[in-house]
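Atoms considered below: every heavy atom in the structure, side chains included; atoms not considered: hydrogens, waters and symmetry mates. Every chain is numbered from 1 and lettered A, B, ... according to where its sequence line falls, protein lines coming before strand lines.
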Amino acid sequence: MSRPAASDTPRYMNPYLAGVLLGLVLFASFVVTGHGLGASGGLSRIAAAVTDVVAPDHVDRNFYLAQMAGGSTNPLDHWIIWGIVGTLLGGFVSGLLAGRVRPEVRRGPRLSVPVRLTLAFAGGAVVGFGARLARGCTSGQALSGGAVLSAGSWAFMFAVFAGGYALAYFVRKTWN
Amino acid sequence: MIVRSRSKRKSGPRKSPPARRQAESKAESQARSTSKSQAGSKVNPKGAAALFALLAAFALMLVGLPGSEARLARLEPELNRQLASREYHIDPGELMDLMYNNKLHLFVIDVRDEVDFNLFHLRDAIWKPVVQMSAECCRRLRAEGIKVVLSNDEVRAEQAWKHLTANEVLNVYILAGGVNLWLDIYKDGLPGPPHEAITGVGDDTLRHEIDSALGHVPEFALPPHDLVGRREYPTKVKVARPVAVEGGGCG
Amino acid sequence: MAPLDLSTLSNLTRILIAVGLGFGFGFCLERAGFGDARRLAAQFYFTEMRVLKVMFTSIITAMLLLFWGVALGWIDYAALWVNPTYLWSGILGGFILGLGFILGGYCPGTSLVAAATLKIDGLVFVLGCLAGVFVFGEVVPGLRGFWEQHAFYGRLTLADWFGVPAGVAVFGVMCLAVSMFWGAEKLEAIFGGKARGGSS
């Protein structure tokens, strides 16, 4: 089978089917561990771990960082770190099976690579900030909290869509 | 479009014998390109799945979820352990400090009977006798705020605490020593035992003589502000901290 | 009774469980096409409503299974982690996350999947996330009162909020999801049909 060009449409799974499978994983997580999935909390812990190496006193004086890494607490000793490891592996294996693992920059047709990467970094920073402000991201809050009917998680989810749609018009040239 | 028709073919119900397959597939593609809701044999899989999901949810609504009695029975051992360790019993001094703390919402819930409540109760106390507590009452209390339940000693307050906690109401505490101890300290001016010595032992009857229905009028319903901090106690109320499942949430 | 008591298991077993669940998570995300920023962004231009479909389907699948488990007495709902509701930090944080989502094209989980399949923009996004959470950590002490106490409702569910039994809330969410799917299909037909070389 010839390697598909980047602009070709890969054969992704039916979204409803993928949703059911993801729902099963989510369900399994609750049944086995009592909690759902997550991602942003792990990134927060990684950042805290790095900060703790460079400036441990600063970590101890900051209530948010101290919760994770104060004193001799190891911020990486948490299930979510291993969850991230698993997520990377799972994404990689799925991509490998489908021939979708190759270095590239996914970007809108009108965007150059440097601009795209700058936007990716900036977008990531905004997302990271927002996720910790909300105490979770789409996986930790929207999916997990949503499934157990947490009111705050549902409010969060609608706010995410609101934010995305609000800005979409202004950045339409970067995607279309 | 490719993905959609693939899913339709996957969930197609019947297997046609080889002889008719060609004619059949032609009919299939015709059916696909026309309306999805053709009368008869062609079932829209998405519609079917959606209907199934709705029915499952509807059935769940009819079946209902286990009531609070079942929950209480299940949680009882752990709740009893917490009561025995007295980690949720707060000192009268701490309650008074909470009453003067403007930064948080405080709900004082008096779970005694109406007679005792009318004789005397704390300023702004809510009357909710423990026998009348249902799952309904707990819904309104589930919002933010510290709830302190009290009775004359601790018997009914502990019952109420268990009921509320089992119904997932957060931040519920018990007044150690109850109204009897409160009146000892703030009406009779006694120093009261040190916090660790408060046992709350008693049959939950009002020990103090109150001749008429004073309600919350007397000064000791909300002792004067200069008494704040006079009594030493270990702080037990943790403000605005949800009870977290171990390691739960997004970190 | 679920959730299971994992305290008797070894550390290694618990690590493997976390990795396994993460693996399933990442695998499904990649299968769904969420390792690709263009697919994710398409949601906000109505050309492809994958994000909505996958998210809502996964939520209702897990929700139905969980609550049926509770109804049958197999799952203890009180022992499940229900994200506490901090209403305004959640809404504000969610809105900000949405802004970043359409700006950068990913959310934290999907960016990990993208990075895993060697999408450079995904990797850069992850680095951006690390920067963003770092900034948050530095800023949050100044916001502590707001972040820790404002509009904190504790373990508040939709059932509590609307004053209905949990079963009714589940049914309500199901109706919402199905109508959103119906709407999504319609929008895709209208906007996605303006083909830009097969964006399905």
Asker: Roughly how far apart are A:T138 OG1 and C:L97 CG, rounded to 0.5 Å?
Answerer: 6.5 Å

Asker: Test side-chain contact (heavy atoms from CB on, under 4.5 Å) on A:H58 and C:E138 and set out the steps.
Answerer: CA-CA 10 Å; A:H58 174 75; C:E138 298 306 305; 2.7 Å; yes

Asker: If I measure from the heavy atoms of chain C, does A:L96 come under 4.5 Å with its side chain, its backbone, both, or neither?
Answerer: neither

Asker: When you measure from the centre of the six-membered ring of A:F63, is the NZ or CZ of C:R144 closer than 6.0 Å and no more than 45° off the axis?
Answerer: yes

Asker: Which distance, rounded to the nearest 0.5 Å, do you find between the CG of C:L65 and the CG of A:L24?
Answerer: 6.5 Å

Asker: Looking only at heavy atoms and a cut-off of under 4.5 Å, which of C:G104, C:G35, C:S111, C:A37 has the most pairs with chain A?
Answerer: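 Highest number of pairs under 4.5 Å: C:G104.
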
Asker: Quick one: CG on A:L143 to CZ on C:F56, what's the gap to the nearest 0.5 Å?
Answerer: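 Spacing of CG (A:L143) from CZ (C:F56) equals 10.0 Å.
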
Asker: Start with the C-alpha distance between A:L149 and C:M63, add both sets of side-chain angles, then the distance that settles side-chain contact (heavy atoms from CB on, under 4.5 Å), and finish with yes or no.
Answerer: CA-CA 8 Å; A:L149 301 181; C:M63 182 182 70; 3.7 Å; yes

Asker: What distance do C:I15 atom CD1 and A:I81 atom CD1 have between them, rounded to the nearest 0.5 Å?
Answerer: 11.5 Å

Asker: Tell me, side chain or backbone of A:A162 under 4.5 Å from chain C's heavy atoms, or both, or neither?
Answerer: both

Asker: Quick one: which of A:L65, A:V85, A:T174, A:V20 has the most heavy-atom pairs under 4.5 Å with chain C, could you say?
Answerer: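 That would be A:V20.
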
Asker: Hydrogens and angles aside, do C:T117 and A:R100 bring a side-chain donor and acceptor to less than 3.5 Å of each other?
Answerer: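 A:R100 and C:T117 do not have a side-chain donor-acceptor pair below 3.5 Å.
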
Asker: Does any non-hydrogen side-chain atom of A:R172 lie less than 4.5 Å from one of C:F44?
Answerer: no

Asker: Are the side chains of C:I75 and A:F27 in contact, using a 4.5 Å heavy-atom criterion?
Answerer: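 With C-beta onward as the side chain, the pair touches.
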
Asker: Would you sort out whether C:F181 and A:Y16 count as a ring-ring contact (aromatic ring centres under 6.0 Å, His included), showing the intermediate values?
Answerer: CA-CA 10 Å; C:F181 295 148; A:Y16 296 114; 5.2 Å; yes

Asker: Counting the benzene-type ring for Trp, do C:W81 and A:F30 have ring centres under 6.0 Å apart?
Answerer: no

Asker: Measuring heavy-atom distances to chain A, does C:V124 have an atom under 4.5 Å in its side chain, in its backbone, in both, or in neither?
Answerer: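 Both backbone and side chain of C:V124 come within 4.5 Å of chain A.
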
Asker: Please determine if C:R14 forms a cation-pi arrangement with A:W82, meaning its NZ or CZ atom is less than 6.0 Å from the six-membered ring centre and no more than 45° off the ring axis.
Answerer: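 No.
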
Asker: Quick check on C:L99 against chain A: is it the side chain, the backbone, both or neither that has a heavy atom closer than 4.5 Å?
Answerer: both

Asker: How long is the gap from CG on C:L21 to OG1 on A:T33, to the nearest 0.5 Å?
Answerer: 6.5 Å

Asker: Can you tell me how far the CG atom of A:L89 sits from the CZ atom of C:F27, to the nearest 0.5 Å?
Answerer: 12.0 Å

Asker: Can you say whether C:W161 sits under 4.5 Å from chain A via the side chain, the backbone, both, or neither, judging by heavy atoms?
Answerer: side chain

Asker: Using non-hydrogen atoms only, which part of A:T51 is less than 4.5 Å away from chain C: side chain, backbone, both, or neither?
Answerer: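 Only the side chain of A:T51 comes within 4.5 Å of chain C.
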
Asker: Can you tell me which of C:L123, C:L103, C:I96 forms the most heavy-atom pairs within a distance under 4.5 Å of chain A?
Answerer: C:L103

Asker: If we ignore angles and hydrogens, is there a donor and acceptor under 3.5 Å between the side chains of A:Y165 and C:Q43?
Answerer: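 The answer is yes; a qualifying pair exists.
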
Asker: Is it the case that A:R135 places NZ or CZ above or below the six-membered ring of C:Y86, under 6.0 angstrom from the centre and within 45 degrees of the axis?
Answerer: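 Satisfied, under 6.0 Å and within 45°.
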
Asker: Can you tell me which portion of C:S89 sits under 4.5 Å from chain A's heavy atoms? Options are side chain, backbone, both or neither.
Answerer: both

Asker: Verify side-chain contact (heavy atoms from CB on, under 4.5 Å) between A:F121 and C:F125, making sure each step is shown before the conclusion.
Answerer: CA-CA 5 Å; A:F121 188 86; C:F125 188 96; over 6 Å; no

Asker: Just give me the residue among A:A131, A:G163, A:G108, A:A142 that pairs up with chain C most often, heavy atom to heavy atom, under 4.5 Å.
Answerer: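 Of A:A131, A:G163, A:G108, A:A142, A:G163 has the most heavy-atom pairs under 4.5 Å with chain C.
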
Asker: Side chains of A:R106 and C:Y106: closer than 4.5 Å at any heavy-atom pair?
Answerer: yes

Asker: Are more than 12 heavy atoms, taken from residues, nucleotides or ligands other than C:W88, located less than 6.0 Å from that residue's CH2 atom?
Answerer: no

Asker: Does a side-chain N-to-carboxylate-O contact under 4.0 Å join A:R116 and C:D121?
Answerer: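 Between C:D121 and A:R116 there is a salt bridge, with a charged N closer than 4.0 Å to a carboxylate O.
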
Asker: What part of C:L29 is in contact with chain A, defined as an atom under 4.5 angstrom from a non-hydrogen atom: side chain, backbone, both or neither?
Answerer: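 Contact with chain A is through the side chain of C:L29 alone.
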
Asker: Output, in order, the C-alpha distance, side-chain angles, deciding distance and verdict of side-chain contact (heavy atoms from CB on, under 4.5 Å) for C:L176 and A:W154.
Answerer: CA-CA 12 Å; C:L176 173 73; A:W154 280 94; 4.1 Å; yes

Asker: Give, as side chain, backbone, both or neither, the part of C:F162 having an atom under 4.5 angstrom from any heavy atom of chain A.
Answerer: neither

Asker: Given that the side chain runs from C-beta out, which part of A:F170 has a heavy atom under 4.5 Å from chain C: side chain, backbone, both or neither?
Answerer: neither

Asker: Looking at chain C, which one of A:L43, A:V59, A:L26 has the largest number of heavy-atom pairs inside 4.5 Å, strictly under?
Answerer: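 The residue among A:L43, A:V59, A:L26 with the greatest pair count is A:L43.
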
